Amino acid sequence: MTDQFDLTSQFDLTGDQREIQELARRFTADRITPHAAEWDETHHYPVDVWKAAGELGFGAIYVSEASGGIALGRLEAALVMEAMAYGCPATSAFISIHNMVAWMIDRFGSAEIKDRFLPGLVTMETIGSYCLTEPGSGSDAAALKTSARRDGDDYVLNGTKQFISGAGYNDVYVCMVRTGEEKARGISAIVVEKGTPGLSFGAPERKLGWNASPTAQVIFEDCRVPAANLVGAEGEGFRIAMAGLDGGRLNIGACSLGGAQRCLDESIRYARERQQFGQPIADFQNTQFTLADMATDLEAARALLYLAAAKVTADAPDKSRFSAMAKRLATDNGSSIVDRALQLHGGYGYLKDYPIERFWRDLRVHSILEGTNQVMRMIIGRELTRQ
């Protein structure tokens with residue numbers, strides 16, 4: 001009996017974690033799920049929902065208590081993202097981006113920059129975007145070209161950021177810019193506020209999915225930003241960006257888990273109700289096998305992601321390898337599960353009257369975001385061969 005108890009304690013969620021999960025599920029059921037299809041259809045950016053999420057602490061999940069956050073771990077954050085993605089992956093993924101911005105400022109910013117930006121970010125009265133990718137630097141992030149030239153007490157920024165979630169709508173942009181040599185050591189992180197002269201935005205991108213989260217270019221043309229807005233020291237930006245990505249990869253994987261769980265649940269319900277050849281299709285062995293594989297793939301990805309989240313929270317030496325493995329498996333499995341859900345629904349799965357096609361579109365980008373899954377394999381393989 002002792003061994004049984006120990007196994008349950010090791011592999012199950014704690015009472016506190018279940019409470020956080022349930023809080024996020026209730027919020028999703030009330031504020032997200034009933035409206036997600038309309039947001040997708042109308043390309044609505046639900047800022048009011050962000051502010052309501054901020055009231056629950058979801059805008060600063062792993063920001064320190066000293067800075068006003070709720071100081072939880074990466075597993076708790078993954079539980080929130082997974083629960084919210086059950087209603088809308090695009091909404092949940094943006095909560096992840098905002099949390100990454102707030103965490104970067106809290107973890108690496110000066111006392112002055114924390115005092116200026118964190119109160120609004122914590123409550124989500126102000127909303128943050130993360131700006132790393134450029135038209136010519138995606139997977140090769142260290143090749144970014146956006147320049148920040150020091151001029152007295154300011155930096156003058158020139159360049160363009162690409163695929164930025166919330167661009168043009170959000171209030172705060174944590175940007176990776178080049179302050180030095182053409183390598184990772186020459187990159188710095190700086191906060192740019194909306195309304196700064198020289199800051200503009202491209203037209204909204206026309207996308208396959210994530211329609212509830214606007215995406216556009218962020219453009220700097222002699223944009224003058226106070227040097228006091230630097231996050232960390234000059235030249236530390238690439239390290240800061242990479243530190244943020246471990247958590248971001250877990251969160252985007254969790255978003256895939258939530259979307260896949262929703263589509264599995266919808267498929268089970270549909271299979272019980274749909275009649276063919278005089279019986280529910282749930283009675284067919286082929287349907288049962290498909291559902292069994294979907295559930296198994298989902299639980300395998302979930303177990304690995306929760307393990308990786310615990311490693312990132314504990315700052316384990318292999319945290320980056322495990323976050324890459326978890327992100328790769330969760331996003332690949334998530335897309336595969338949703339694809340099988342669409343197939344089980346037949347022609348109805350292709351209709352917007354059912355939620356499956358929206359999840360199919362929204363989850364597809366997860367294998368590209370926060371580092372493509374090909375880059376995840378590079379990280380994993382590199383770490384393995386270094387041992």
Side-chain angles (χ1 to χ4, degrees), residues 14 16-17 19-28 30-32 45-84 91-131 165-166 169-175 189-196 225-226 228-233 236-237 240-241 243-248 250-251 254 309 312-315:
T14 66
D16 287 345
Q17 288 167 341
E19 286 184 16
I20 293 161
Q21 184 183 55
E22 184 57 31
L23 177 64
R25 284 174 172 172
R26 289 198 304 268
F27 180 82
T28 300
D30 180 41
R31 298 300 303 267
I32 297 176
Y45 190 43
V47 174
D48 59 321
V49 176
W50 304 144
K51 297 185 189 305
E55 292 175 3
L56 299 178
F58 292 163
I61 297 171
Y62 31 83
V63 170
S64 65
E65 290 182 347
S67 296
I70 56 177
L72 298 178
R74 300 298 175 147
L75 176 52
E76 289 82 3
L79 294 174
V80 173
M81 304 305 163
E82 182 179 352
M84 295 178 75
T91 299
S92 181
F94 186 76
I95 291 284
S96 168
I97 294 167
H98 176 90
N99 271 272
M100 183 161 57
V101 168
W103 174 79
M104 285 180 173
I105 292 175
D106 182 44
R107 174 68 178 80
F108 299 101
S110 65
E112 188 269 340
I113 205 169
K114 290 180 190 179
D115 290 342
R116 284 176 55 204
F117 293 109
L118 281 178
L121 290 169
V122 164
T123 62
M124 296 194 80
E125 286 299 314
T126 57
I127 303 176
S129 287
Y130 172 66
C131 305
S165 294
Y169 293 83
N170 293 348
D171 310 287
V172 173
Y173 299 82
V174 172
C175 305
I190 195 165
V191 181
V192 184
E193 297 178 80
K194 185 179 179 181
T196 302
V225 181
N229 283 21
L230 205 65
V231 180
E236 289 185 342
I240 293 170
L245 284 177
D246 275 338
L250 294 174
N251 289 347
V312 172
T313 298
D315 198 26

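This one's a predicted model, so the numbers in the text were calculated from it and none came from an experiment.
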- Message: If the condition is side chain to side chain donor-acceptor pair (under 3.5 Å), which residues does Ser67 pass it with, not counting sequence neighbours?
- Response: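 With neighbours one apart ignored, the set is Ser64, Asp106.
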
- Query: What pairs with Asn170 under side chain to side chain donor-acceptor pair (under 3.5 Å), at least two apart in sequence or on another chain?
  - Reply: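 Only Tyr45, Ser129 meet the side chain to side chain donor-acceptor pair (under 3.5 Å) criterion with Asn170.
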
- Message: Suppose the criterion is salt bridge (Lys or Arg N to Asp or Glu O under 4.0 Å): which pairs have a residue in residues 53-76, not counting sequence neighbours?
- Response: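 As it turns out, there is no salt bridge (Lys or Arg N to Asp or Glu O under 4.0 Å) pair with a partner in residues 53-76 once direct neighbours are skipped.
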
- Query: Quick check: does any side chain N or O of Asn229 sit under 3.5 Å from a backbone N or O of Val192, one acting as donor and the other as acceptor?
  - Reply: no

- Item | Side-chain (Thr126) to main-chain (Leu121) donor-acceptor, under 3.5 angstrom |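 Yes; at least one donor-acceptor contact below 3.5 Å.
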
- Message: Among Asp16, Thr313, Leu79, Ile20, which residue satisfies the side chain to side chain contact (heavy atoms under 4.5 Å, CB included) criterion with Leu72?
- Response: Ile20

For the student: nearest non-hydrogen atoms of [X] and [Y], plus distance:
X	Y	result
Arg31	Val49	O-CG2, 4.0 Å
Tyr130	Val101	N-CG2, 3.8 Å
Ile95	Ala53	CD1-CB, 4.1 Å
Ile240	Gly232	CD1-CA, 4.3 Å
Phe94	Gly128	CZ-O, 3.3 Å
Ala102	Leu118	O-CD2, 3.6 Å

- Task: May I have the step-by-step check of side-chain contact (heavy atoms from CB on, under 4.5 Å) for Val231 and Arg107, ending in yes or no?
- Result: CA-CA 9 Å; Val231 180; Arg107 174 68 178 80; over 6 Å; no

- Note on the structure: In this structure, CG of Asn251 is separated from CG of Asp246 (nearest 0.5 Å) by 11.0 Å

- Item | Atom pair OG1/OH of Thr196 and Tyr173 - distance to nearest 0.5 Å |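 If we round to the nearest 0.5 Å, Thr196:OG1 and Tyr173:OH are 10.0 Å apart.
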
- Message: With heavy-atom distances below 4.5 Å as the criterion, would you say the side chains of Phe27 and Leu56 are in contact?
- Response: yes

- Query: Are the side chains of Asn99 and Met81 in touch, meaning some heavy atoms are under 4.5 Å apart?
  - Reply: yes

- Applying side-chain contact (heavy atoms from CB on, under 4.5 Å), run through Ile61 and Trp103 and close with a yes or a no. CA-CA 9 Å; Ile61 297 171; Trp103 174 79; over 6 Å; no

- Between Phe58 and Trp50, does a ring-ring contact (aromatic ring centres under 6.0 Å, His included) hold up when you go through it step by step? CA-CA 9 Å; Phe58 292 163; Trp50 304 144; over 10 Å; no

- Checking side-chain contact (heavy atoms from CB on, under 4.5 Å) for the pair Met100/Val174: CA distance, chi angles, key distance, verdict? CA-CA 10 Å; Met100 183 161 57; Val174 172; over 6 Å; no

